[in-house]
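Some notes on the structure that comes next.
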Amino acid sequence: MIALVLAMVWARRGQTLVVALLALFGVAAAVAAPAYLRAADRAVAAGQVETATPNELAVAVRAYQQDVREDKPGADPRGPDLERSGTALAGLPGFDYVYSMEFPTIGMEPSIAYATRFAYRQDVCDHLEMTAGRCLVGESDIVLPEQIGRRLEIGAGDSVSLSFALRIVPRGEPPFYVKNGAAKRFLVAGLYRVPDPGDVYWGSRGFINPGASLPAGAGLPAFVNNATIHAMDRGAVDTGLDAFPGPGALDVDKLPAVRDGLADVQAGVTAFQGGVELHSQLPDLLARIDSGRAAGHRIVPVLAVALVLLACLTIFLAVGYGTEGRRPELAVVALRGARWGQRWWLATGENLVAILIGATAGCLAGQLLVNAFAAYRFPGVGADPGLESLRWAPVAAGAAVLTALLAERRQIATPVAELLRRAPSVPNSARAVAAELVVVILAVVAVVQLSSTLRGVGTAAAALVLLAGSLVAARLLVPLVTVLGRRALRRGRLGVALAGLQLSRRPGAVRLFALLTAAVAVIGYAAAAVDVAASGRSAQAVLGTGATRVLHLGPTGRQNLLAAVRAVDPQGTFAMAAVTLPSEPGAPSAVAVDTTRLSAVAAWPSGGPAATRIAQQLHPAAAPPVKVDGAQVTFDISARFAQGKAVAVTAVLSPREGGNDEVVELGVLRNGRHAYGQSVQACARGCTLNSLRIVGGQGTLDVAGVLTVHSINDAPSDVLNDPAPWRASEGGRIGASASGGLEIEVTSLNGLPDGMFVHPASAPYPLPVAVSGVTALPAIDNLDARSTPVDVRASLPAIPGAGSPAVLTDLDYADRLATDGAASSNAMVWLNDKAPKDAVAALSAHNLTVTADVRADDVRKRLDKQGPAIALWFYVIVAALATALAAGALVLAAAVDRERRVEDLSALRGQGLSRSALRQATLWTYPVLVVAAVVAGMGVATLGWWLTGWALPLAGLDPPALPLAAWPRLLTMLLTAAATALLLAGAAVLAGRRTLRRIS
């Protein structure tokens, strides 16, 4: 019996090969999914590590050692000694550790306003490039930054003398440094530069930091060796222990050990009982890796299940078609009295052998497919070489066998008389409809389950919807082919009529159409997911960044920022100033920008008002600012307060041509009319008055009285004589003085520790804002962290650079309403793609220090290496396998039908059927079916995406608050449909040509 089955396999080896290939695809899909997940896990971890910043990779431990020179000789440092006991913190496997120590010194710089950083860092010479001389060798060697060498004219071979320095911070005066230790003479061994300041070796705490507003090189360390730094007469010092990962330390398999190591380091820091700080963003990086992996583990199974179901449907069709072609053979076996078991074996043995061969090959093919794809798409990462991916192979093989047996069952149970009919009846029984109804019900249940989570039954929701939709489409559309065929016959179009009737009268036509529709639906769903995710990443990269490129700056005044950007880009075509406003936890984030350049520079969300319109609403016309010109600033003020009530006045002035705000202390007012002045060199070329602050002295908060500002330098008198363009905060009122000037009545300063403020009305009040995701917003924290009432002028889908919920306002007006005069530490410059290459240098020339350069392209590359993007590459594999399954089913159907069609069409040809009609009937049959299936399949894919696509974590488990795409682009879906139709129709035409050649 076995020999007979093998002979049958050999006799129909082409058909057997197709069934084996279909089983191979099914088992390969089941193996490929877990194998790909392992490869994706590796790729996610590697991608996140590759795109991580040094702050995200390094672990920094900092300790402060106090001055021990007053202790007895040989005493240990007072404070944690990381050099001796830091090994207790070295608990991260695969990480390299670097010990460092530094303190300030003086003696080389000509000014005591800043000190020379005197530092030791382990193995530093391996990370320096010497531009002159050599690196450290002896105990008295020192190497200096090349910038210091050029500025101070110090070269290799010169000597310098340095002493430990103590920083003095006098009240109301700039800090300075004084000598606080014996001087030591050093030989300048060489000058260095740092080839890669972003190297993780330098740690996460800015060890190589040039320093803002310092002379060239003054913020960079002068390096010595370990013996030298201990030989210095020194006081308190900062010590550090930096850890950074070695090659492969953050591979996905090693992450659990790294987490345990971090916990051990934290425990070690705690054991020091104070004096030691741990700084690291590595936990955030590990959390991002875990989140990306979790998103991938939810995305991949969705279409993996669909592909396995599609493979089972294909096997069911293939076996059913093959058995249909063997009906006469099965009838002969039954007529000769074969027992029931023999009939089953002869009917199923051929297909079972094919499935066994295909399943065995599929185990290997699935893993090899993933290995090849991972090698191409994720070079250097690789897939999991273990056998874990094979755990689903027996399930898939069992499903294939069960599918084959179900397909064989009908023919085994068919009476011999029915088996001998040349035109078998088309199955349309209630049993088939009931089975399809069960699939529809399962799809509904899965979609309902999906509303809560993409787990369990919900994982199969998309697959069941696509399958149910395809079955319903086949049940509805195939009967239409009969109608169209009959209509074509009545009109005399014999070729079209024969093509349609051949399809409608074939028993497997409904199943073939359902299979093709399901395959196209899977392909369309995969294309939709990939396109929506790609659009979302683009929006997240550009709109989330705010512009094509964002430069983050060191602390700077807001008016200085505006002036510098306007000087670099006077036409407003490529650069825009921006500052992130402070906000309380849970409050909407807020960003203030130079709205005059909003439409030219900022990335703008679609679906909302135009940027030009928003700019007009946020920057309406306002009164001109009050000018205060001259290096000597003088206020002519009359005051009338109760005796013993000390009231002080402070003015905040902004240089009009750039520079940080000047806070001018006018001092305590005296009763009567007096002049209060100060020398403010920054106002020599002109300033504007931002605000006046009136505050009571210690114990005199409950103050009431009147002060009158008669003049401010050469400001026009009408500015002070008219109270209308002035505004007072809580605690006072504005009026006009009979003697001329601006009268400020202080009603009470009780409960106002910061005093009251008087502003020129040079900005609209309340502050105009645009919001996103905010329903009611009475006020926001302004640049000075004080609550400022707002006027909501517009609503946007998202705020560039801030997302939603968020607030957008004008930077100039926000600064005019601010009262602090302080520099902002979160200032930015947004650039578009027209920005010149020297934009950073130009901004630096205007006293702006660029601390970070964030590009939307770099953000997009980082997003492309995260879990969702990597997981979606599996959908490309699914689409390719679905196309192969559909093409294989077409080829098998054409091969099984070929003998019968050749006989029928040859007979019709002999009865006068024209050659043209014959070609149409032969070549159009399956291509027409393909075109109809593509149209129906794309419709089913759209339905499936509407019902289930929203649940896919395409932007991660915690998506950003941005208006990400929800639907694929029409062009993408049209191109996918066209490519699918072209491939499948090509396979159908080739099969039809082979049939045509055999017709006499």
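Just so it is clear, the values below take in all heavy atoms, side chains as well, and ignore hydrogens, waters and symmetry mates.
None of Phe223, Phe164, Phe186 except one satisfies the ring-ring contact (aromatic ring centres under 6.0 Å, His included) rule with Phe118; the exception is Phe186.
Nearest heavy atoms, Ser583 versus Pro588: CB-O, 3.8 Å. When all heavy atoms of Leu144 and Ala222 are compared, the pair lying nearest together is CD2-CB, 3.6 Å. Summarising the geometry of Val237 relative to Phe103, their closest heavy-atom pair is CG1-CD2, 3.2 Å, with the distance given to 0.1 Å. The two residues Asn560 and Gly659 come nearest to each other via the heavy atoms OD1-N, 2.5 Å. The minimum heavy-atom distance between Ala682 and Cys687, with the atom names listed, is O-SG, 3.9 Å. Of all heavy-atom pairs spanning Gly740 and Thr708, the tightest one is O-CG2, 3.9 Å.
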Step by step, would you call Arg693 with Val758 a side-chain contact (heavy atoms from CB on, under 4.5 Å)?
CA-CA 7 Å; Arg693 178 191 178 204; Val758 176; over 6 Å; no
Report the C-alpha separation of Thr548 and Asp833 in whole Å, then their side-chain angles, then the decisive distance to 0.1 Å, and conclude whether the side chain to side chain donor-acceptor pair (under 3.5 Å) test is met.
CA-CA 6 Å; Thr548 303; Asp833 53 4; 5.2 Å; no
Residues Trp830, Leu551; criterion side-chain contact (heavy atoms from CB on, under 4.5 Å); working and verdict:
CA-CA 6 Å; Trp830 292 8; Leu551 304 177; over 6 Å; no
Let's go through Val143 and Leu191 carefully: what are the C-alpha distance in whole Å and the side-chain angles of both, what is the deciding distance for side-chain contact (heavy atoms from CB on, under 4.5 Å) to 0.1 Å, and is it a yes or a no?
CA-CA 6 Å; Val143 293; Leu191 304 179; over 6 Å; no
Under the side-chain contact (heavy atoms from CB on, under 4.5 Å) criterion, do His759 and Arg816 qualify, and how do the steps go?
CA-CA 8 Å; His759 291 275; Arg816 294 187 195 184; over 6 Å; no
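A heavy-atom distance below 4.5 Å is found between the side chains of Pro760 and Trp726. For the pair Val550 and His552, the minimum side-chain heavy-atom distance is below 4.5 Å. Between Leu811 and Leu783, some side-chain heavy-atom pair lies under the 4.5 Å cut-off. The closest side-chain heavy-atom distance from Leu581 to Val591 is not below 4.5 Å. Looking only at side-chain heavy atoms (C-beta outward), Thr851 and Leu553 stay at 4.5 Å or farther from each other. Taking the side chain as every heavy atom from C-beta outward, Met828 and Val593 never approach each other to under 4.5 Å. Here the side chains of Thr580 and Ser824 are not in contact, with every heavy-atom distance at 4.5 Å or above. When side chains are defined from C-beta on, Phe641 counts as touching Leu707, because their heavy atoms get closer than 4.5 Å.
Between the Arg733 side chain and the Glu745 main chain, no donor and acceptor come within less than 3.5 Å of each other. Looking only at distances, a side-chain donor or acceptor of Thr105 sits under 3.5 Å from a matching main-chain atom of Thr116. Remark: the backbone N or O of Pro768 is not paired with any side-chain donor or acceptor of Asp791 at under 3.5 angstrom. Side chain of Arg597 to main chain of Asp569: a donor-acceptor pair is present (N/O by atom type, distance under 3.5 Å, no hydrogens or angles). For the pair Arg673 (side chain) and Ile637 (backbone), a donor-acceptor distance under 3.5 Å is absent. Remark: the backbone N or O of Ala113 is paired with a side-chain donor or acceptor of Ser111 at under 3.5 angstrom. When atom types are taken as modelled, the side chain of Asn721 and the backbone of Gly741 share a donor-acceptor pair closer than 3.5 angstrom. Between the Asn826 side chain and the Val579 main chain, no donor and acceptor come within less than 3.5 Å of each other.
Rounding to the nearest 0.5 Å gives a distance of 8.5 Å between OG1 of Thr595 and CG of Asp812. With values rounded to the nearest 0.5 angstrom, Ile208 atom CD1 is found 4.0 Å from Trp202 atom CH2. Expressed to the nearest 0.5 Å, how far CG of Leu162 lies from CD1 of Ile142 amounts to 5.0 Å. Thr612 OG1 to Leu598 CG: the interatomic distance, rounded to the nearest 0.5 Å, is 9.0 Å. One distance of note links CG of Leu749 with CE of Met756; it measures 7.5 Å at 0.5 Å rounding. How far CG of Asp636 is from OG of Ser711: 4.0 Å, rounded to the nearest 0.5 Å.
Between Tyr813 and His619, the ring-plane angle classifies as parallel under the 30° and 60° cut-offs.
Under 3.5 Å, the side chains of Ser161 and Arg185 contain no donor-acceptor pair of N or O atoms. Of the N and O atoms on the side chains of Asn713 and Gln632, not one donor lies less than 3.5 Å from an acceptor on the other residue. The closest side-chain donor-acceptor pair between Gln559 and Asp815 falls under 3.5 angstrom. At a cut-off of 3.5 Å, with distance as the only test, a side-chain donor of Asp784 or Thr819 sits close to an acceptor on the other residue.
Taking a cutoff of 4.0 Å between a charged side-chain nitrogen and a carboxylate oxygen, Asp594 and Arg566 qualify as a salt bridge. In this structure, Arg786 does not pair ionically with Asp781, as no charged nitrogen and carboxylate oxygen lie closer than 4.0 Å. Ion pairing of Asp820 with Arg558 is present here, as a side-chain N (NZ or NE/NH1/NH2) and a carboxylate O approach within less than 4.0 Å. Between Arg151 and Glu109 there is a salt bridge, since at least one side-chain N of the basic residue sits less than 4.0 Å from a carboxylate O of the acidic one.
Counting heavy atoms of neighbouring residues, nucleotides and ligands inside a 6.0 Å radius, atom CZ of Arg640 does not exceed 12 of them. Heavy-atom contacts from other residues, nucleotides or ligands closer than 6.0 Å to CZ of Arg685 number 12 or fewer.
Residues passing the salt bridge (Lys or Arg N to Asp or Glu O under 4.0 Å) test with Arg549, sequence neighbours excluded: Asp853. With sequence neighbours left out, the salt bridge (Lys or Arg N to Asp or Glu O under 4.0 Å) criterion links Glu665 to no other residue.
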